[in-house]
A.B. asks: 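Submitted below is the structure of interest, expressed as structure tokens.
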Amino acid sequence: MQRMTRRGMEWLSVAADNPTECRQVWADDPRMPCLLPTGRFFDVVSVEQRLGMEMFDRLQRSGMPMGPSVIDRKAQRVGFFLGSQSLETFTYYLDRETSSPPSYRYLSDGSAVVVPGPIPLSEDRYQWLRAPTRRPEANPLRPVALATALVAAAELLARIDRFDEQYPTPYAAVAALPEETATDAG
């Protein structure tokens, strides 16, 4: 869990309908979440939590460009911030990766996202996986990286699920090994 910096808070609050009021709410209670419109300053790709956590880990491990990321523990969803007007690039690269993309929601004009306050606690519903520390620099590779990570994470989780169905217990996995491999382990 991360905390927002003052520069991150200033950038994010500008997206609010009333930026001054948003900053005042956060000054009074830094844990208070805020509903912000999407499409003007940023868009958000929202996925279910299991997929989102794998995407987040994959983006971090590979050093791919990514913006702020938020988790809603009650709704079990993870949101990834992109620059506004990234939909066309995101869907183009998603379609290049797969003909059947995983389920996601793209929040742009006419939508909104709940963001955590600058200093959420570990038991809060809304938390930053990667908090904004400043105004994110425009990076045309961010939607490409996110589309690629979405497909790769979904494929990995599907393989894990198939393995779990085939081998519901550790004994089932060992029992399926060829005889010489199973005896060599002991």
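Start at 1 with the first residue, then count along the sequence.
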A.B. asks: Roughly how far, to the nearest 0.5 Å, is the CG atom of Leu94 from the OH atom of Tyr104?
C.D. replies: 5.0 Å

A.B. asks: Indicate, with yes or no, if the rings of Phe90 and Phe80 have centres closer together than 6.0 Å.
C.D. replies: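 That pair fails the under 6.0 Å test.
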
A.B. asks: Would you check if Arg134 and Thr5 make a side-chain contact, meaning some heavy-atom pair closer than 4.5 Å?
C.D. replies: no

A.B. asks: Atom CG in Leu107, atom CG in Leu36: separation rounded to 0.5 Å?
C.D. replies: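 It is 12.0 Å, given to the nearest 0.5 Å.
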
A.B. asks: At their closest point, which heavy atom of Gly39 faces which heavy atom of Ser84, and how far apart are they?
C.D. replies: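 Closest approach of Gly39 to Ser84: O-CB, 3.3 Å.
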
A.B. asks: Counting heavy atoms not belonging to Glu123, are there more than 12 under 6.0 Å from its CD?
C.D. replies: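 Yes, because the 6.0 Å sphere around CD of Glu123 holds more than 12 heavy atoms from other groups.
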
A.B. asks: Can you get from Met64 to Val144 by hopping between Ile, Leu, Val, Met, Phe, Trp and Tyr side chains that sit under 4.5 Å apart?
C.D. replies: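 No: no chain of side-chain contacts under 4.5 Å links Met64 to Val144.
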
A.B. asks: Around atom CZ of Arg61, are there more than 12 heavy atoms from other residues, nucleotides or ligands closer than 6.0 Å?
C.D. replies: yes

A.B. asks: Starting at OG1 of Thr38, measure out to CG of Asp109 and round the result to the nearest 0.5 Å.
C.D. replies: 7.0 Å

A.B. asks: Would a hydrophobic clustering, with Ile, Leu, Val, Met, Phe, Trp and Tyr connected at side-chain separations under 4.5 Å, put Val47 with Leu156?
C.D. replies: yes

A.B. asks: Begin from the C-alpha positions of Tyr106 and Thr91 and carry the test side-chain contact (heavy atoms from CB on, under 4.5 Å) through to its verdict.
C.D. replies: CA-CA 10 Å; Tyr106 194 95; Thr91 55; 5.9 Å; no

A.B. asks: With a 3.5 Å distance limit and no angle check, can you tell me whether Asn139 reaches the backbone of Met66 through a side-chain donor-acceptor pair?
C.D. replies: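 Not confirmed, Asn139 side chain does not pair with Met66 backbone.
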
A.B. asks: So Glu21 and Gln24, do their side chains get closer than 4.5 Å, heavy atoms only?
C.D. replies: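 No; the side chains remain at least 4.5 Å from each other.
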
A.B. asks: Which atom pair, heavy atoms only, marks the closest approach of Ala16 to Arg40?
C.D. replies: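 Result for this residue pair: O-NH2, 3.7 Å.
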
A.B. asks: Looking at CG of Leu12 and OG1 of Thr133, how far apart are the two atoms once the value is rounded to the nearest 0.5 Å?
C.D. replies: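 That separation rounds to 11.5 Å.
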
A.B. asks: Please tell me if the side chains of Val70 and Pro116 come closer than 4.5 Å, counting only heavy atoms from C-beta onward.
C.D. replies: yes

A.B. asks: Do Phe56 and Val78 pass the side-chain contact (heavy atoms from CB on, under 4.5 Å) test, and can you show the C-alpha distance, the side-chain angles, and the key distance before you say yes or no?
C.D. replies: CA-CA 9 Å; Phe56 181 79; Val78 174; 5.5 Å; no

A.B. asks: Cluster question for you: counting only ILVMFWY and a side-chain heavy-atom cut-off of under 4.5 Å, with indirect links fine, are Val14 and Met9 together?
C.D. replies: yes

A.B. asks: Do you know which two heavy atoms are closest between Pro68 and Ala131, and how far apart they sit?
C.D. replies: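 Shortest heavy-atom contact: CB-C, 4.5 Å.
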
A.B. asks: Heavy atoms only: give me the nearest Asp43-Ser86 pair and the separation to one decimal.
C.D. replies: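 Closest approach of Asp43 to Ser86, heavy atoms only: OD2-N, 3.5 Å.
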
A.B. asks: Should Phe41 and Trp128 be regarded as members of a common hydrophobic cluster, given that ILVMFWY residues are connected when their side-chain heavy atoms come within less than 4.5 Å of each other, either directly or indirectly?
C.D. replies: yes

A.B. asks: Determine the minimum heavy-atom distance between Leu150 and Met55, stating which atoms define it.
C.D. replies: CD1-SD, 3.6 Å

A.B. asks: Between Leu59 and Arg130, does a side-chain contact (heavy atoms from CB on, under 4.5 Å) hold up when you go through it step by step?
C.D. replies: CA-CA 11 Å; Leu59 288 165; Arg130 185 168 192 257; over 6 Å; no

A.B. asks: Could you tell me if the side chain of Val115 sits less than 4.5 Å from the side chain of Phe81, heavy atoms only?
C.D. replies: yes

A.B. asks: Rounded at 0.5 Å granularity, tell me how far CG in Asp124 sits from CD1 in Ile119.
C.D. replies: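 Taking CG in Asp124 and CD1 in Ile119, the distance rounds to 11.0 Å.
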
A.B. asks: Please determine whether residues Leu87 and Tyr93 belong to a single hydrophobic cluster, defined as Ile, Leu, Val, Met, Phe, Trp and Tyr linked transitively by side-chain heavy-atom distances below 4.5 Å.
C.D. replies: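 Leu87 and Tyr93: separate clusters.
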
A.B. asks: Please check: side-chain N/O of Asp57 versus main-chain N/O of Glu54, any donor-acceptor pairing under 3.5 Å?
C.D. replies: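 No, because the side chain of Asp57 does not come within donor-acceptor range (under 3.5 Å) of the backbone of Glu54.
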
A.B. asks: Pair Leu129, Gln60 - check side-chain contact (heavy atoms from CB on, under 4.5 Å), show working.
C.D. replies: CA-CA 11 Å; Leu129 294 174; Gln60 276 199 311; over 6 Å; no

A.B. asks: Closest heavy-atom contact between Arg58 and Ala153?
C.D. replies: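 For Arg58 versus Ala153, the nearest heavy atoms are NE-N, 4.0 Å.
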
A.B. asks: So, applying side-chain hydrogen bond (donor to acceptor under 3.5 Å, both in side chains) with Asp72, which one of Arg125, Arg77, Gln127 is it?
C.D. replies: Arg125

A.B. asks: Can you check whether Leu141 reaches Pro65 side chain to side chain, under 4.5 Å on heavy atoms?
C.D. replies: yes

A.B. asks: To the nearest 0.5 Å, what is the distance between CG (Asp29) and SG (Cys34)?
C.D. replies: 11.5 Å

A.B. asks: For Val114, does its backbone N or O pair with a side-chain atom of Tyr126 as donor and acceptor, under 3.5 Å?
C.D. replies: no

